[in-house]
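Have a look at the structure below, then the notes.
Side-chain atoms are counted along with the backbone in the values below, which use heavy atoms only and exclude waters and symmetry mates. Being a predicted model, the structure only gives us computed values, none of them experimental.
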Amino acid sequence: MSKFFDELMDSVQQMDEIVQGKRQPMPARLNKAPAHDPAQDDPHCPSATLNPIITTGKIDMSKADELAAKLRQAQRTPADTDHCADLAIEHWPAQVYELYRQIETWLAPVCEAGLDIRHNPTHVFESHFSGSTYSYAIDQLVIEGNHRRIELDPIARFSSKGEGCIEVHMTGQERCIVRTVGEHGESLWHTQALRSTGQQQPEPMVLNEDALIALVEEGLGL
């Protein structure tokens, strides 16, 4: 009884010291055991099953895209091939004219100094590897200045060089502008010097403003 009374008095004294600020209360435990979830005992409940950790390696999308293109090509019927070729020809002039507009924008300051740019209507006849043949109207782009002339001639939509080819006729080395397609379907244009007999094929260059200005400067002898 005396021991109980002593412990009670000690507890009262500790409480009194806490109230008076002489003693800090004991901190609560942070590592309490989590409450049991009854749902974990039910194998039919989603929370009862273990969620596996799924690890995936880095997927090379370019390789996957190549494989997808091969699969589509393998499953393509002759009718599908002809339809795709028809669409390619249908969109080709608009893709070329979009490039022309970009070239005209880049050369606008030079036009103020007397450079002349104009379209020259022409007609193209070409065939697809499937055997389909096409005849369509499309413009050339003619650039004249310093008594010289540069002619951009869209000779073919179907080309071994890419998804369209425009020949560049000018004084000096002959070139071509080749179209390829980006991962989102956008047109990408590159310039490439045409290989002479016995020479190694030069590396293509991206057709940007600097590359075009250099091309025009060379073609007009400036």
Side-chain angles (χ1 to χ4, degrees), residues 60-103 106 119-143 149-216 218-219:
D60 191 339
M61 295 307 295
S62 62
K63 294 295 184 182
D65 290 340
E66 290 177 6
L67 182 60
K70 290 180 180 179
L71 179 60
R72 283 192 291 268
Q73 185 69 30
Q75 295 177 334
R76 186 174 293 174
T77 66
D80 293 333
T81 300
D82 289 342
H83 178 65
C84 289
D86 292 346
L87 289 177
I89 290 294
E90 180 181 342
H91 294 149
W92 172 235
Q95 292 159 352
V96 171
Y97 298 154
E98 181 182 9
L99 173 64
Y100 288 175
R101 285 191 294 271
Q102 181 62 72
I103 290 174
W106 285 335
H119 287 219
N120 180 39
T122 186
H123 212 84
V124 172
F125 178 86
E126 66 173 306
S127 59
H128 188 255
F129 70 86
S130 64
S132 300
T133 57
Y134 299 92
S135 178
Y136 55 92
I138 194 169
D139 291 353
Q140 298 172 336
L141 188 70
V142 180
I143 303 171
R149 172 188 178 112
I150 301 173
E151 187 178 279
L152 274 61
D153 185 13
I155 60 168
R157 167 57 181 82
F158 307 119
S159 169
S160 59
K161 298 181 177 67
E163 302 297 319
C165 181
I166 303 174
E167 287 188 348
V168 182
H169 305 293
M170 65 182 198
T171 301
Q173 189 175 29
E174 294 289 297
R175 288 176 171 79
C176 64
I177 299 175
V178 177
R179 174 180 176 266
T180 57
V181 180
E183 61 177 318
H184 302 295
E186 71 277 14
S187 294
L188 304 175
W189 299 93
H190 298 76
T191 61
Q192 188 169 23
L194 297 180
R195 180 178 56 184
S196 301
T197 304
Q199 292 184 346
Q200 186 177 359
Q201 180 68 49
E203 289 294 324
M205 294 177 53
V206 174
L207 181 62
N208 52 27
E209 184 175 1
D210 290 342
L212 177 74
I213 294 298
L215 181 70
V216 173
E218 179 185 348

Please name all residues satisfying side chain to side chain contact (heavy atoms under 4.5 Å, CB included) with V124, sequence neighbours left out, ordered by chain then number.
E126, Y136, I138

Heavy atoms, side chains only, cut-off 4.5 Å: are V181 and L188 in contact?
no

Which residues satisfy the side-chain hydrogen bond (donor to acceptor under 3.5 Å, both in side chains) test with H184, sequence neighbours excluded?
none

Rounded to the nearest 0.5 Å, how far does CE of M170 lie from CD1 of I150?
6.0 Å

According to side chain to side chain contact (heavy atoms under 4.5 Å, CB included), who are the partners of S130, at least two apart in sequence or on a separate chain?
T81, D82, H128, S132

Testing the basics here: between A137 and P93, what is the closest heavy-atom pair and its distance to 0.1 Å?
O-CG, 4.3 Å

Where is the tightest heavy-atom contact between L207 and W106, given as atom of each residue plus distance?
O-CH2, 3.7 Å

Considering residues at least two apart in sequence or located in another chain, which fulfil the salt bridge (Lys or Arg N to Asp or Glu O under 4.0 Å) criterion with R175?
E218

Considering non-hydrogen atoms only, spot the tightest contact between H123 and S135 and give its length.
NE2-OG, 2.8 Å

Tell me, please, which residues at least two apart from H91 pass ring-ring contact (aromatic ring centres under 6.0 Å, His included).
none

Check whether any side-chain heavy atom of I166 sits under 4.5 Å from a side-chain heavy atom of I155, and report yes or no.
no

On a heavy-atom basis, which atom in F158 and which in A88 lie closest, and how many Å separate them?
CE2-CB, 3.9 Å

Between D139 and Y100: side-chain donor-acceptor atoms closer than 3.5 Å
no

With sequence neighbours excluded, tell me which residues meet side chain to side chain contact (heavy atoms under 4.5 Å, CB included) with A68.
R72

For S187, which residues count as a side-chain hydrogen bond (donor to acceptor under 3.5 Å, both in side chains) partner, sequence neighbours excluded?
R179

Apply side-chain contact (heavy atoms from CB on, under 4.5 Å) to residues L141 and H119 and explain how you reach the verdict.
CA-CA 5 Å; L141 188 70; H119 287 219; 3.6 Å; yes

Under the side-chain hydrogen bond (donor to acceptor under 3.5 Å, both in side chains) rule, collect the residues that match up with H190, sequence neighbours excluded.
none

If the condition is side-chain hydrogen bond (donor to acceptor under 3.5 Å, both in side chains), which residues does D210 pass it with, not counting sequence neighbours?
none

Tell me every residue that passes salt bridge (Lys or Arg N to Asp or Glu O under 4.0 Å) with E90, counting only those two or more places apart in sequence or in another chain.
none

Does the side chain of L215 come within less than 4.5 Å of V168's, by heavy atoms?
yes

Tell me the closest heavy-atom pair linking G164 and W92, and the distance in Å.
CA-CH2, 3.6 Å

Between L152 and P154, the two heavy atoms sitting closest are O-CD, 3.5 Å

Results of salt bridge (Lys or Arg N to Asp or Glu O under 4.0 Å) for E167 - residues two or more places apart only:
none

Under the side chain to side chain contact (heavy atoms under 4.5 Å, CB included) test, which residues partner S160, sequence neighbours left out?
none

